[in-house]
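Let me begin by presenting the structure, written as structure tokens, before commenting on it.
Predicted model only: the values in this text are computed from it and were never measured. The figures that follow rest on heavy atoms only: side chains count, while hydrogens, waters and symmetry mates do not. Just so it is clear: chains get the letters A, B, ... in the order the sequence lines come, proteins before strands, and each one is counted from 1.
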Number of protein chains: 2
Amino acid sequence: MADIARHTEHRYGNRPTMKDVAARAGVGLKTVSRVVNGEPGVTPDTERRVQEAIEVLGFRRNDSARVLRKGRTATVGLVLEDLADPFYGPLSRAIEEVARAHGALLINGSSAEDPAREQELALALCARRVDGLIVIPAGDDHRYLEPEIRAGVATVFVDRPAGLIDADAVLSDSFGGARDGVAHLIAHGHRRIGFIGDRPRIHTASERLRGYRTAMEDAGLPVDDAWVSLGSTEPERVRTAVREMLDAAEPVTALFAGNNRVMVTVVRALAGHPRPVALVGFDDMELADLLGITVIAQDAAALGRTAAERLFRRLDGVDDVPERVVLGTTLLARGSGEIPPSAV
Amino acid sequence: MADIARHTEHRYGNRPTMKDVAARAGVGLKTVSRVVNGEPGVTPDTERRVQEAIEVLGFRRNDSARVLRKGRTATVGLVLEDLADPFYGPLSRAIEEVARAHGALLINGSSAEDPAREQELALALCARRVDGLIVIPAGDDHRYLEPEIRAGVATVFVDRPAGLIDADAVLSDSFGGARDGVAHLIAHGHRRIGFIGDRPRIHTASERLRGYRTAMEDAGLPVDDAWVSLGSTEPERVRTAVREMLDAAEPVTALFAGNNRVMVTVVRALAGHPRPVALVGFDDMELADLLGITVIAQDAAALGRTAAERLFRRLDGVDDVPERVVLGTTLLARGSGEIPPSAV
DNA sequence: TAGGGCCTGGACAACGTTGTCACCGGAGGG
DNA sequence: CCCTCCGGTGACAACGTTGTCCAGGCCCTA
């Protein structure tokens, strides 16, 4: 007796199960299941009795058991890089909307830019048997996902491509966007333009650098090594980079900021600078319009939506080859990018 | 034969189970379980054989089954209001960090300010048997959560209190913050101060309004009905409210913005206004410092952290009475709040 | 009125894991 | 030399749900 009690002790705080509901309603277990799932073949009267019992007991179906039985979880996982980065807000929101439209729930977590944590998180999601996975990669080796993908977990990468495996990816045109932004500065008369970007290991960062170099080359302009600074987006590092480029014997007259983190710090640094310096940043931000910052805007929502739709198409059984989708960017001229070069 | 095939057909894409691993390693099922869970009592040699089989087969434990058996999911649910609102980024990030420190995963979703959707989402999370729930309420009736709480789902509300049930809540001092902000404007000479806030149904909105009224009253100032505008945070509505207050016969000389959504629109509206108007906003935002906007800052991260810690304390069995924790706010003077009243 | 089909309801197994308990072989003590 | 004990191992039930299949009752038709 004591044994039995110990056995069923703190099990979900003793929640009622379908069995309990069945007993209370005086029907069979399966009939309760039918009512709960809206399956046909139940008399209105029986259904009413079951509903009543459900109400009284406060029964709620245990989806874990359901998942175990059915094999589908109606859940997709999202591994993003930093929940607090404003760029990812609209992106994950768009994914959530699509998931919701497909009756699925979203589980997410952030990797904090740490590849090990990305892997840990992605695999934890797989252990929860998400139907699909959307990943904003922090690392550059995703072979660890191969068994999962083989086992049927639909996987789509966003913002950055997967590393060392062949998988769907939805990206912004980092190269083209950066090239256009730098060309914009050149068109306004700049010849010495600085580029401050994220760590080159990150795909978007290196693509944007490539865009910068291409624009310069296309205009027949040389690029001094001192004009390019890559590394973490730590404010301290970025501030130093700005200072060095502006204090040089031949200072740059314009700057290109490789992403929103960098841009924020650059704007702050330039605010304290005596000479006007042109600036174009990658990524739009709220309030950037009021500050008159010219940016290359990505459509984060479209990125998320596209990726999610792709994921659900795969979950619906469409099985075409992995593909890379690239979305265009938009240059928003607001003033900071149209400042002419100032005499030194 | 065909029957058997049909039976095991598309089940997680036929993932290997512990049984498969056991067969391959030539050991018993339970031994595999022991290895997977790091339980003691397995010879190094046996363990190696099992690990090898796991590797080869690409086995990953099915947490759904585990949950079903154990009764705990090591998962907490977060119902927030809008993933894309920058205020919630740091908040959910802080919650995630605490959850991670406790070895738990976070599932979240947004209610989009719709009470029905909040309920749907919260109950879906309960069906997935999350151990705990953190809710940023959209609605003001949470009785639907009573069976869940009774069944043992630890529940903490953040940013706004629960409605009609007794539950933990972690809040910012909306009343005190607004009162201080308005008092700040009064101290700088303003007598006619407008308040533009969110819908009064929302607890924070009404508290902030109360703070505004209290500050005015404390200073012996009257409040004209035309100076108070409550409603949605739609830009169009806020713009209209700003215009009306500034175009009145006796226009306000200062504005208090009830939250970050409102503040953004107000700043935009004031940018096009000929006369300088003082402004204090509730909620800090990135770049607000560069625009010189004086704000009442809440510590979103502390809010999230406090709530999450409270949740896990409950999950650890601490069972004190539901409590309301109120965190202080900080006035950040940056210029816009220190503009003196301009002659009309 | 008997027979057949349809509709409602229930018994039972299975999903993949973990807790319980029993078994087996070897070491150590009497 | 036998008995006990213990560490390592495996058989089995149980978690709560759903799919399958069968039973019984009803109505309709011949």
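In this structure, the CZ atom of B:Arg72 is 18 Å from the C1' atom of C:dT17, given to the nearest Å. Straight-line distance from the CG atom of B:Asn62 to the P atom of D:dC15: 18 Å, rounded to whole Å. Nucleotide C:dT18 holds its C1' atom 5 Å from the CZ atom of B:Arg69, rounded to whole Å. The separation between B:Glu47 atom CD and D:dT9 atom P is 10 Å, rounded to whole Å. Distance NZ (B:Lys19) to C1' (C:dC15): 10 Å, rounded to an integer number of Å. A straight line from CG of B:Asp63 to P of C:dT18 spans 8 Å, rounded to a whole angstrom. Following rounding to the nearest Å, A:Leu68 (CG) and D:dA14 (C1') show an atom-to-atom distance of 12 Å. Rounded to whole Å, the distance from CD on A:Glu39 to C1' on D:dT17 is 11 Å.
The shortest distance between the side-chain N/O atoms of B:Ser33 and the OP1/OP2 oxygens of C:dT17 is not below 4.0 Å. At the phosphate of D:dG19, OP1 or OP2 sits under 4.0 Å from a side-chain N or O atom of A:Lys70. Dashed line: the shortest gap from a side-chain N or O of B:Arg66 to OP1 or OP2 of C:dT18 is under 4.0 Å. The phosphate of C:dT18 has OP1 or OP2 within less than 4.0 Å of a side-chain N or O from B:Arg61. Look at B:Thr31 and you'll find a side-chain N or O under 4.0 angstrom from OP1 or OP2 of D:dG10.
A distance of 7.5 Å separates CD1 in A:Ile134 from CG in A:Leu106, rounded to the nearest 0.5 Å. Annotation: the span from B:Glu146 atom CD to B:Thr155 atom OG1 amounts to 11.0 Å, rounded to 0.5 Å.
For B:Ala65, taking side-chain heavy atoms from C-beta onward, the closest of the listed nucleotides C:dT17, D:dG16, D:dT18 is C:dT17. Nearest nucleotide to the A:Val27 side chain, out of D:dG16, D:dG19, C:dG10: C:dG10. Distances were taken from every side-chain heavy atom of B:Leu29 (C-beta onward) to each of C:dT18, D:dG19, C:dG10; the shortest belongs to C:dT18.
Residue-to-nucleotide contacts include a donor-acceptor pair under 3.5 Å from the side chain of A:Lys30 to the base of D:dG19.
With DNA chain C read from its 5' end, the first of the two nearest nucleotides for B:Asn37 and B:Arg34 is the one closest to B:Asn37.
A 4.5 Å side-chain heavy-atom check between B:Asp159 and B:Glu81 finds every atom pair outside the cut-off.
For the 3.5 Å distance criterion, the side chains of B:Thr73 and B:Asp131 qualify, holding a donor opposite an acceptor.
Relative ring orientation between B:Phe312 and B:His102 is described as parallel, the plane-to-plane angle staying below 30° on a 0-90° scale split at 30° and 60°.
Summarising the geometry of B:Val50 relative to B:Ala25, their closest heavy-atom pair is CA-CB, 4.0 Å, with the distance given to 0.1 Å.
Side-chain atoms of A:Gln119 do not come within 3.5 Å of backbone N or O of A:Tyr144 as any donor-acceptor pair. Looking at A:Arg160, its side chain does come within 3.5 Å of a backbone N or O of A:Pro137 through a donor-acceptor pair.
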Could you write out each protein N or O paired with an N or O of nucleotides 4-8 of chain C at a distance under 3.5 Å?
residue : atom : partner : partner atom : Å
C:dT8   : O3'  : A:Thr43 : OG1          : 2.9

